[in-house]
Amino acid sequence: MKKLLVFGHQNPDTDAITSAIAYAYYLNQNGIEAEAVALGLPSEETAYALNQFKTEAPRVIETAANETDTVALVDHNEAQQSVSDIKDVEVYAVVDHHRIANFETANPLYYRAEPVGCTNTILYKMYKEKNIAIPADIAGLMLSAIISDTLLFKSPTCTPEDEEAAAALTEIAGVSLNEYGLAMLKAGTNLDDKSIAELLTLDAKSFPMGDKNVRIAQVNTVDVQDVLNRQVELVAAMEAENGAQGYDVFLLVITNIIESDSALLAVGSHLDIVEAAFGVSLKDNVALLPGVVSRKKQVVPPLTEAFSK
């Protein structure tokens, strides 16, 4: 087997980048030559974490089959969220905390999926099970991902296992959990210098729902209105993407990390189904979603159910 490449999903967030780093180290410690790579550049939040723990960002790849015949997936499993030539390589392993959809392999594989808030929580458990010591820098990156995915434990996706892992990783990394966590999250909310295209691709994923193709992007902020002030441009860009990429619906979830709620900007056909999914009425393409912060747990499931009826 050639060197195995480990990567998270397209438009990588902090969990996608750092879980690739953590799992590649884990595999290397188990005698499997592996390299963490990425399917996009790190966000400002992720860059903050990488800089804090003096780690270089993984190199970005466009395709995998030109380098290797075997890959490992972290923080995703759905083919449309993965590397473009995923069908041309063998998937050796998956470590993930999302739904399983649009995924199949020709051969058996190692598959670890748990309903926790963060992929790195699963990886922490895997390190413990193998008695592999976690270096301080990798512990810091794993902690950063848990903070990011659980919004410092305020997301409904957060479990006691996430909190337990975060406490242990905090001690290894030697940081103040709340102080570091807030600083990292705030680093990721600076959207003033982001273009419209960047806002719509910072953290965006596509989901097949029934016979529809739904695109869901999410941005974190401390002022939802700052983003909605650019609504005209956002809607125009989302409509263009729907036409170019064949999305039936494009949703932008604008999450306030301080208030723990979101605004939804929806563009496309079948917006009545979107309204039914959340029990809201869109006004000028916008609806408020009180208490909604998690795409995985609070956005995708109701939409999937609504579009499957």
Side-chain angles (χ1 to χ4, degrees), residues 8 11-22 25 36 38 40-58 75 97 116-121 123-124 134-195 198-199 201-203 217-227 253-263 291-296:
N11 303 315
D13 57 10
T14 300
D15 193 26
I17 295 283
T18 62
S19 59
I21 294 171
Y25 182 87
L41 295 171
S43 67
E44 288 191 17
E45 176 192 276
T46 310
Y48 181 93
L50 291 168
N51 181 66
Q52 176 75 22
F53 297 104
K54 298 179 174 55
T55 304
E56 289 188 14
D75 198 32
H97 68 134
V116 294
C118 182
T119 305
N120 273 285
T121 296
L123 288 167
Y124 168 75
I134 305 176
D137 55 346
I138 292 181
L141 296 176
M142 295 171 73
L143 170 66
S144 300
I146 296 173
I147 292 169
S148 175
D149 269 14
T150 68
L151 287 179
L152 202 53
F153 317 121
K154 292 191 293 184
S155 169
T157 61
C158 184
T159 69
E161 292 170 280
D162 297 296
E163 296 188 46
E164 178 184 341
L169 292 166
T170 297
E171 186 172 342
I172 299 170
V175 296
S176 167
L177 177 57
N178 287 322
E179 182 179 342
Y180 170 71
L182 285 172
M184 187 198 73
L185 289 174
K186 288 180 179 178
T189 64
N190 180 19
L191 304 177
D192 292 342
D193 61 346
K194 294 290 185 293
S195 68
E198 287 174 320
L199 287 176
T201 57
L202 278 172
D203 185 5
Q218 185 172 23
V219 293
N220 290 338
T221 183
V222 294
D223 190 339
V224 168
Q225 192 57 48
D226 276 353
V227 180
V253 181
I254 308 163
T255 299
N256 186 318
I257 65 168
I258 304 299
E259 302 297 332
S260 295
D261 55 22
S262 297
V292 171
V293 296
S294 170
R295 175 173 54 196
K296 180 182 69 174

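Basis for what follows: all heavy atoms, side chains included, without hydrogens, waters or symmetry-related copies. Keep in mind that what you see is a predicted model, and the values were worked out from it rather than measured.
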*Asks:* With rounding to the nearest 0.5 Å, note down the distance linking CD in Glu163 to OG1 in Thr121.
*Replies:*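 The distance works out to 10.0 Å.
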*Asks:* Less than 4.5 Å apart, any side-chain heavy atom of Ser260 and any of Leu151?
*Replies:*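 No; the side chains remain at least 4.5 Å from each other.
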*Asks:* Using every non-hydrogen atom in the two residues, find where Asn120 and Ala22 come nearest and quote the distance to one decimal.
*Replies:*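 Minimum heavy-atom contact is OD1-CB, 3.7 Å.
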*Asks:* Holding to side chain to side chain donor-acceptor pair (under 3.5 Å), I want the full list of residues that pass it with Thr221, two or more places apart in sequence or in another chain.
*Replies:*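 Partners of Thr221 under the side chain to side chain donor-acceptor pair (under 3.5 Å) test: none.
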*Asks:* How many angstroms lie between atom CG of Asp137 and atom OG1 of Thr55, to the nearest 0.5 angstrom?
*Replies:*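 If we round to the nearest 0.5 Å, Asp137:CG and Thr55:OG1 are 4.5 Å apart.
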*Asks:* Only one of Thr119, Ile17, Thr14 clears side chain to side chain contact (heavy atoms under 4.5 Å, CB included) with Asp75; which?
*Replies:*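 Exactly one candidate clears the test, Thr119.
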*Asks:* Within the 3.5 Å criterion, strictly below it, is a donor on Asn256 or Asp223 matched to an acceptor on the partner's side chain?
*Replies:*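 No, because no side-chain N or O of Asn256 sits under 3.5 Å from a partner of the opposite role on Asp223.
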*Asks:* Out of curiosity, Gln52 CD to Leu141 CG, how far, rounded to the nearest 0.5 Å?
*Replies:*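 Answer for the CD-CG pair, Gln52 versus Leu141, is 10.0 Å.
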*Asks:* Are Ile146 and Phe153 packed together at the side-chain level, in the sense that at least one heavy-atom pair is separated by less than 4.5 angstrom?
*Replies:*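 Result yes, sub-4.5 Å side-chain heavy-atom pair found.
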*Asks:* Evaluate side chain to side chain contact (heavy atoms under 4.5 Å, CB included) for Asp261 paired with Val292, printing each intermediate quantity in order.
*Replies:* CA-CA 5 Å; Asp261 55 22; Val292 171; over 6 Å; no
*Asks:* Regarding Asp15 and Ser148, do their side chains bring together a donor and an acceptor under 3.5 Å, going by distance alone?
*Replies:*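 There is no such pair (donor and acceptor under 3.5 Å, judged by atom type) between the side chains of Asp15 and Ser148.
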*Asks:* For Leu191 and Leu199, what are the C-alpha separation, side-chain angles and deciding distance, and is it a side chain to side chain contact (heavy atoms under 4.5 Å, CB included)?
*Replies:* CA-CA 8 Å; Leu191 304 177; Leu199 287 176; 4.0 Å; yes
*Asks:* If you look at every heavy atom in Phe53 and Ala136, which pair is closest and at what distance?
*Replies:*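 So the two residues come closest at CD2-O, 4.4 Å.
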*Asks:* Assess the residue pair Tyr48 and Ser144 against the criterion (side chain to side chain contact (heavy atoms under 4.5 Å, CB included)); give the C-alpha distance rounded to whole Å, side-chain angles, the decisive distance to 0.1 Å, and a yes or no.
*Replies:* CA-CA 9 Å; Tyr48 181 93; Ser144 300; over 6 Å; no
*Asks:* Report yes or no: does Gln218 contribute a side-chain atom to a donor-acceptor pair with the main-chain N or O of Val293 at less than 3.5 Å?
*Replies:*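 Yes: the side chain of Gln218 pairs with the backbone of Val293.
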*Asks:* Please report the closest heavy-atom contact between Ile258 and Lys154, naming both atoms and the distance.
*Replies:*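 Distance-wise, the nearest heavy atoms are O-NZ, 3.7 Å.
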*Asks:* Is the shortest side-chain heavy-atom distance between Thr255 and Val219 below 4.5 Å?
*Replies:*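 Counting from C-beta outward, Thr255 and Val219 never come under 4.5 Å.
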*Asks:* Quick check: closest heavy atoms across Ala145 and Thr18, and the distance to 0.1 Å?
*Replies:*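 Reported closest heavy-atom pair: CB-OG1, 3.3 Å.
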*Asks:* If you measure from SG on Cys118 to CG on Asp149, what distance do you get to the nearest 0.5 Å?
*Replies:*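 One finds 4.5 Å between SG of Cys118 and CG of Asp149.
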*Asks:* Using only atom types and a distance under 3.5 Å, with no angle test, would you say the side chain of Ser155 pairs donor to acceptor with the backbone of Thr157?
*Replies:*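 Yes, the answer is positive, given that a donor and an acceptor are paired below the 3.5 Å cut-off.
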*Asks:* Could you walk me through whether Glu45 and Lys186 pass salt bridge (charged side-chain N to carboxylate O under 4.0 Å, His left out), step by step?
*Replies:* CA-CA 8 Å; Glu45 176 192 276; Lys186 288 180 179 178; over 6 Å; no
*Asks:* Are Pro12 and Thr46 close enough that some pair of their side-chain heavy atoms sits under 4.5 Å apart?
*Replies:*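 When only atoms from C-beta onward are counted, Thr46 and Pro12 do not touch, as no gap falls below 4.5 Å.
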*Asks:* Does Glu198, at its CD atom, have more than 12 non-hydrogen atoms belonging to other residues, nucleotides or ligands within less than 6.0 Å?
*Replies:*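 Correct, the count exceeds 12.
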*Asks:* For the CG atom of Asn11 and the OG1 atom of Thr201, what is their distance to the nearest 0.5 Å?
*Replies:*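 So the CG of Asn11 and the OG1 of Thr201 are separated by 5.5 Å.
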*Asks:* Mind checking side-chain contact (heavy atoms from CB on, under 4.5 Å) for Thr159 and listing every partner two or more places apart, or none if nothing turns up?
*Replies:*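 Partners of Thr159 under the side-chain contact (heavy atoms from CB on, under 4.5 Å) test: Val116, Glu161, Asp162.
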*Asks:* In sequence, state the C-alpha distance, the side-chain angles, and the governing distance for Asp203 and Arg295, and then conclude on salt bridge (charged side-chain N to carboxylate O under 4.0 Å, His left out).
*Replies:* CA-CA 10 Å; Asp203 185 5; Arg295 175 173 54 196; 2.7 Å; yes
*Asks:* Return the minimal non-hydrogen interatomic distance between Ala36 and Pro58, and the atom names on each side.
*Replies:*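 What the structure gives for the nearest pair is O-CB, 3.5 Å.
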*Asks:* Is it true that a side-chain atom of Asp13 and a backbone atom of Ala16 form a donor plus acceptor pair closer than 3.5 Å?
*Replies:*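 Side chain of Asp13 to backbone of Ala16: a pair is present.
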*Asks:* Are Leu177 and Ile147 side-chain neighbours, meaning at least one heavy-atom pair lies under 4.5 Å?
*Replies:*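 Touching, per the 4.5 Å side-chain cut-off.
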*Asks:* So, taking the atom named CD1 in Ile254 and the one named OG in Ser262, what distance separates them when rounded to the nearest 0.5 Å?
*Replies:*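 Answer rounded to 0.5 Å: 8.5 Å.
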